[in-house]
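To start, the structure itself, in structure tokens.
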Amino acid sequence: MEIRNFYKQFCREGFDEQNRLNAFEVTAPDDFNFAYDVVDAIAALEPERRAMVWTNEQGAERLFSFRDISEYSTRAANLFKAHGIGKGDAVMLILKRNYQFWFSILALHKLGAVAIPATHLLTEKDIVYRIQSANVKAVVCTAECSSHSFIDGAERELGVSLVKFSAMGSFPGYVDFDAEIEKQPAQMKRVPVTKTDGMLLYFTSGTTGNPKMVLHGYHYPLAHIVTAVHWQNVDPDGLHLTLAETGWGKAAWGKLYGQWLAGAGIFVYDFEKFVPSDVLRMIEKYRITTFCAPPTIFRFFIKEGMADYDLSSLQYVTTAGEAVNEEVCRRFQELTGLALMEGFGQTETTLTVGNLVGNPIKPGSMGRPSPLYDIDLIDEDGQPVADNQVGEIVVHTKNGSQLIPGMFLCYSSDEQNTDRVWRDGVYHTGDTAYRDEDGFFWYVGRTDDIIKSSGYRIGPFEVESVLMEHPAVLECAVTGVPDEIRGQVVKATIVLTSKYQPSDALKKEIQDFVKRTTAPYKYPRVVEFVDELPKTISGKIRRVEIAQRDKARLAEQKKQ
């Protein structure tokens, strides 16, 4: 199916099964540009079609049609161009969930520039690193946080002069984005691009070392047809809500490309702090039809209590970002009648493994490989593993990275790390799983997180899943600690719920609970209760930091 026919068939003629199958074979010209060829094209076909509903904690509300998005993104492109931004220039976007993010990122696509979405949680040190590493020329930030002070500090430290724009308010030295955009023309000449030109750059939130720069090209959005149509099951006449802030890669998965390729409306709730009751109220009030969030959110929903909310508008619910616990799946389905459809992918890819529409599911499983990718599980020697054996998830890409829809082009300015993960036509995800006899994948953990104890290979997630079923456990991280006899033993670092206090009796209760619930060799021989877990800026638990602390502690004890 040609891309120009995709919107017509999926949005205007309906989501029948044949159209779904055709979506796996969408073709596009080399100069495909999502901003022109999707957003502007839909605006020409159905200018009043709902593109986005935006609201915030204060109750402000904006409704944008595709014509609105098309025109505002062109005005923004002309504003950026007037300030010297052009093809290939890197522009950082720190816009939280402000609607100006969508104007800005599409504007940069129209100019052939490189958009760098970034979270407002970045410190001055983080911003210095990003500006320096990506040769950032301009920044668009929101006035609803303190990022501007960090940007100004980074300028002084680096001795550079950035082009700076502010939205939702103005600061000295910043162009008032909201005021100036209205003065710009709503027409522009198309800027040519190719599929190997850089379009989107994300700084990954790794557990070790500085963040890597994941660079995607202009064909990247096309692979999100699978994300939105085959996994999230978006309704072209409904509203899709993905909770992610725009600084994270998950926003590209759930707040832009795939949803608008299918003509579906996106719902944006612009909030500062996640409050489960507020989000449930938004789902009820705005009649959200499809919803996606990490498993943590569903745990909070369940603890909050969902019976008092009318969630009947929900048709389909998906989850990603971390492996989901079977108990969470079971409880959510009991409360809503809906299964949680898990999916797996990375900043470097789109959805690679998932529970796709119309396929059978197994609660707690990642699902099966997407037909878009050639997925395999391999051992440490690079050989395929048998069913029910743990292996690293890899993607075979024989024709080169830039020719695989949805795969990143490279780690920008980092040939060594690119070659480390992408060698001999195989992309190594660094994540491990096993495949059961029915072809379903079950997440185990990162390759460097695997615990090897007395000859057993133990994935942290399988133990964490059991721990999370105990009512005392709010959060947990499982790591390996050195042991002279076993090589390593399993350690659980646990944050307790408010109703429980640390004690030796509770420790033994939790250990016995794990022994009864899963294979006894997996139980945590070491248990530590803590007030909080170390996390990356994106909220992922830093098991490596816990392991490093334990290693340093043991080394100190040996000295004594």
Side-chain angles (χ1 to χ4, degrees), residues 204-209 212 294-295 319-326 342-355 362-370 373-397 407 417 420-424 426-468 476-481 487-492 518-519 521-522 524 536 540-544 546-547:
T204 59
S205 56
T207 55
T208 59
K212 298 183 289 292
T319 186
E322 59 186 80
V324 64
N325 178 270
E326 287 185 57
E342 190 177 354
F344 168 81
Q346 297 181 314
T347 306
E348 291 88 343
T349 70
T350 55
L351 184 81
T352 50
V353 179
N355 289 285
K362 292 186 179 182
S365 165
M366 298 158 59
R368 292 166 168 165
S370 163
Y373 297 104
D374 182 3
I375 305 292
D376 201 358
L377 294 174
I378 63 170
D379 61 21
E380 293 174 351
D381 297 321
Q383 298 302 309
V385 300
D387 289 349
N388 297 306
Q389 296 295 312
V390 175
E392 182 187 9
I393 304 167
V394 297
V395 184
H396 293 286
T397 58
M407 294 294 293
N417 267 318
R420 180 180 60 82
V421 301
W422 211 321
R423 53 190 188 273
D424 300 323
V426 177
Y427 168 63
H428 294 256
T429 68
D431 286 288
T432 62
Y434 67 89
R435 178 184 55 246
D436 67 20
E437 57 280 357
D438 297 318
F440 287 85
F441 280 47
W442 299 80
Y443 189 77
V444 174
R446 295 289 297 170
T447 52
D448 51 3
D449 286 339
I450 296 296
I451 302 163
K452 299 177 181 178
S453 180
S454 299
Y456 295 109
R457 290 169 60 86
I458 304 168
F461 173 71
E462 54 189 328
V463 184
E464 290 168 357
S465 276
V466 174
L467 287 167
M468 289 302 300
C476 65
V478 167
T479 55
V481 292
Q488 285 182 308
V489 295
V490 176
K491 177 193 175 185
T518 187
Y521 70 84
K522 299 177 186 177
T536 67
K540 295 179 181 178
I541 295 170
R542 282 179 52 83
R543 294 191 189 94
V544 66
I546 295 171

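The figures here come from the full heavy-atom set of this structure, side chains too, leaving out hydrogens, waters and symmetry mates.
One distance of note links CD of Gln389 with OG1 of Thr432; it measures 12.5 Å at 0.5 Å rounding.
Applying the side-chain contact (heavy atoms from CB on, under 4.5 Å) test to Pro363 and every residue at least two apart in sequence or in another chain returns Cys329. Not counting sequence neighbours, the partners of Val426 by the side-chain contact (heavy atoms from CB on, under 4.5 Å) test are Val394, His396, His428. For Glu342, the salt bridge (charged side-chain N to carboxylate O under 4.0 Å, His left out) test picks out no residue, with sequence neighbours left out. Residues forming a side-chain contact (heavy atoms from CB on, under 4.5 Å) with Val481 (at least two apart in sequence, or on another chain): Val489, Lys491, Val526, Asp550. Every residue two or more places apart in sequence or in another chain that forms a side-chain hydrogen bond (donor to acceptor under 3.5 Å, both in side chains) with Asn388 is listed here: Glu437. For Asn417, the side-chain hydrogen bond (donor to acceptor under 3.5 Å, both in side chains) partners two or more places apart in sequence, or in a different chain, are Asp414, Arg420. Asp387 meets the salt bridge (charged side-chain N to carboxylate O under 4.0 Å, His left out) test with Arg435; sequence neighbours excluded. Evaluation of the side-chain hydrogen bond (donor to acceptor under 3.5 Å, both in side chains) rule for Thr352 yields no partner, not counting sequence neighbours. Here Asp438 pairs with Lys362 under the salt bridge (charged side-chain N to carboxylate O under 4.0 Å, His left out) rule; sequence neighbours left out. For Glu326, the side-chain contact (heavy atoms from CB on, under 4.5 Å) partners are Trp442, not counting sequence neighbours. For the ring pair (Phe, Tyr, Trp, His ring centres under 6.0 Å) test, no residue two or more places apart in sequence or in another chain qualifies with Tyr443. For Gln346, the side-chain hydrogen bond (donor to acceptor under 3.5 Å, both in side chains) partners are Tyr427, Asp431, not counting sequence neighbours.
Asp376 approaches Pro384 most closely through the heavy-atom pair OD2-CG, 3.8 Å. Pairing each heavy atom of Gly439 with each of Pro369, the nearest pair is O-CD, 4.2 Å. Contact record, Arg543 with Pro460: NE-CB, 3.5 Å, taken as the closest heavy-atom pair. The shortest non-hydrogen separation linking Gly391 to Leu377 is O-CD2, 3.7 Å. Heavy-atom minimum distance, Ala320 versus Pro295: O-CD, 3.7 Å. Closest of all the heavy-atom pairs between Cys476 and Ile541 is O-CD1, 3.5 Å.
Taking the side chain as every heavy atom from C-beta outward, Phe440 and Asn355 approach each other to under 4.5 Å. Within the 4.5 Å cutoff, the side chain of Ile451 has no heavy atoms near those of the Val463 side chain. Two residues are said to be in side-chain contact when any heavy atoms from C-beta on lie closer than 4.5 Å; Thr350 and Tyr373 meet this criterion.
Within the 3.5 Å criterion, the main-chain N or O of Ile378 finds no donor-acceptor partner in the side chain of Glu392. Checked by atom type and distance alone, the side chain of Thr204 pairs as donor or acceptor with a backbone atom of Lys212 at under 3.5 Å. With Thr349 contributing its side chain and Met407 its backbone, the two residues share no donor-acceptor pair below 3.5 Å. The backbone N or O of Ile393 sits less than 3.5 Å from a side-chain atom of Thr429, completing a donor-acceptor pair.
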